[in-house]
Amino acid sequence: MNDASDMETFKQIMHNTGRRRSECQCGRCKDQCRTPCLGTPGDILRLIDKGYAGKLAISCWMVGMAVGKLSIPIPMVQARRTENGCIFFRDGLCELHDLGLKPTEGKLSHHVPKPENFIFEFSLVWNVAREWIRPANLEKILKVFVIMSDRN
């Protein structure tokens, strides 16, 4: 993590979700790496700073609308999805893992949670997506979008 606010965000997401950092490499966890995991604005800025902007895309998180919890989508920037899954998925693992650049969802995701135990407010994806609409992150969010808009 680059700064104290990013570490505090990570700790808060862990607290809100009851999740802990996981490095499980079972088949189910490796399969999760096929789908791009969500990152906070701080996570995405670190990827941009390390030269990965070309592997990122502007997107909208619409799950909150789909489950009737939000009335608008959340604009964000995340890892690109290719026909084979996440652009960072290589040889059965995330290429960002050993670099310490895995987005927050990937750091905290684990095979144990089950869909029947899903509670939106405590979900990992909501707690990461919410970072893209928090006023405290406005400077980071604007920086991410300016950089990505300049690339297009």
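Computed from a predicted structure; not experimentally measured.
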Please assess Lys11 against Met7 for the test side chain to side chain contact (heavy atoms under 4.5 Å, CB included), listing each intermediate value before the final yes or no. CA-CA 6 Å; Lys11 287 179 182 178; Met7 182 55 79; 3.9 Å; yes
What verdict does the side chain to side chain contact (heavy atoms under 4.5 Å, CB included) test give for Glu105 and Val125, after you've listed the backbone C-alpha separation in whole Å, the side-chain angles of each residue and the deciding distance to 0.1 Å? CA-CA 7 Å; Glu105 182 185 9; Val125 290; 3.3 Å; yes
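- With a 4.5 Å cut-off on side-chain heavy atoms, Leu38 and Trp132 do not count as touching.
- Residues Leu138 and Ile44 fall into different hydrophobic clusters, defined by Ile, Leu, Val, Met, Phe, Trp and Tyr side chains chained together at heavy-atom separations under 4.5 Å.
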Could you go through the salt bridge (Lys or Arg N to Asp or Glu O under 4.0 Å) check for Glu95 and Lys55 one step at a time? CA-CA 12 Å; Glu95 72 179 80; Lys55 292 187 174 191; 3.6 Å; yes
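- Taken from OG1 in Thr40 to CD in Gln12, the straight-line distance is 13.0 Å, to the nearest 0.5 Å.
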Can Asp49 and Arg46 be said to form a salt bridge (Lys or Arg N to Asp or Glu O under 4.0 Å), step by step? CA-CA 5 Å; Asp49 290 344; Arg46 275 188 296 289; over 6 Å; no
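- With rounding to the nearest 0.5 Å, the separation of CD in Gln78 from SG in Cys60 is 11.0 Å.
- Cluster membership check: Ile58 does not share its hydrophobic cluster with Leu142, using side-chain heavy-atom separations under 4.5 Å among Ile, Leu, Val, Met, Phe, Trp and Tyr.
- Rounded to the nearest 0.5 Å, atoms OG (Ser5) and CZ (Phe10) are 14.0 Å apart.
- Across all their heavy atoms, Met62 and Pro73 have their closest contact at CG-CB, 3.7 Å.
- With respect to the salt-bridge test (charged N to carboxylate O, under 4.0 angstrom), the residues Glu131 and Lys140 do not qualify.
- Counting only distance, with no hydrogens or angles, the side chain of Ser123 and the backbone of Phe120 share a donor-acceptor pair below 3.5 Å.
- Side chains of Phe88 and Cys37 form no contact here, defined as non-hydrogen atoms less than 4.5 Å apart.
- Taken together through direct or relayed side-chain contacts under 4.5 Å among Ile, Leu, Val, Met, Phe, Trp and Tyr, Phe89 and Leu96 form parts of separate hydrophobic clusters.
- Rounded to the nearest 0.5 angstrom, Leu108 CG and Lys102 NZ are separated by 9.5 Å.
- Under a hydrophobic-cluster definition in which Ile, Leu, Val, Met, Phe, Trp and Tyr are linked whenever side-chain heavy atoms come within less than 4.5 Å, directly or via other members, Leu93 and Leu99 are assigned to different clusters.
- For the residue pair Thr104 and Asp43, a side-chain donor N or O sits within less than 3.5 Å of a side-chain acceptor on the partner.
- Between the side chain of Asn127 and the backbone N or O of Glu121, at least one donor-acceptor pair lies under 3.5 Å.
- In this structure, the separation between CG on Leu124 and CZ on Arg19 is 4.5 Å, given to the nearest 0.5 Å.
- Between Trp61 and Val128 there is no side-chain heavy-atom pair separated by less than 4.5 Å.
- For Phe122, there are no ring-ring contact (aromatic ring centres under 6.0 Å, His included) partners two or more places apart in sequence or in a different chain.
- For the atom pair Cys86 SG and Arg80 CZ, the distance stands at 11.5 Å (nearest 0.5 Å).
- Between Trp126 and Val63, every side-chain heavy-atom pair lies at or beyond the 4.5 Å cut-off.
- Annotation: side chain of Met76 is not in contact with side chain of Ile141 (no heavy-atom distance under 4.5 Å).
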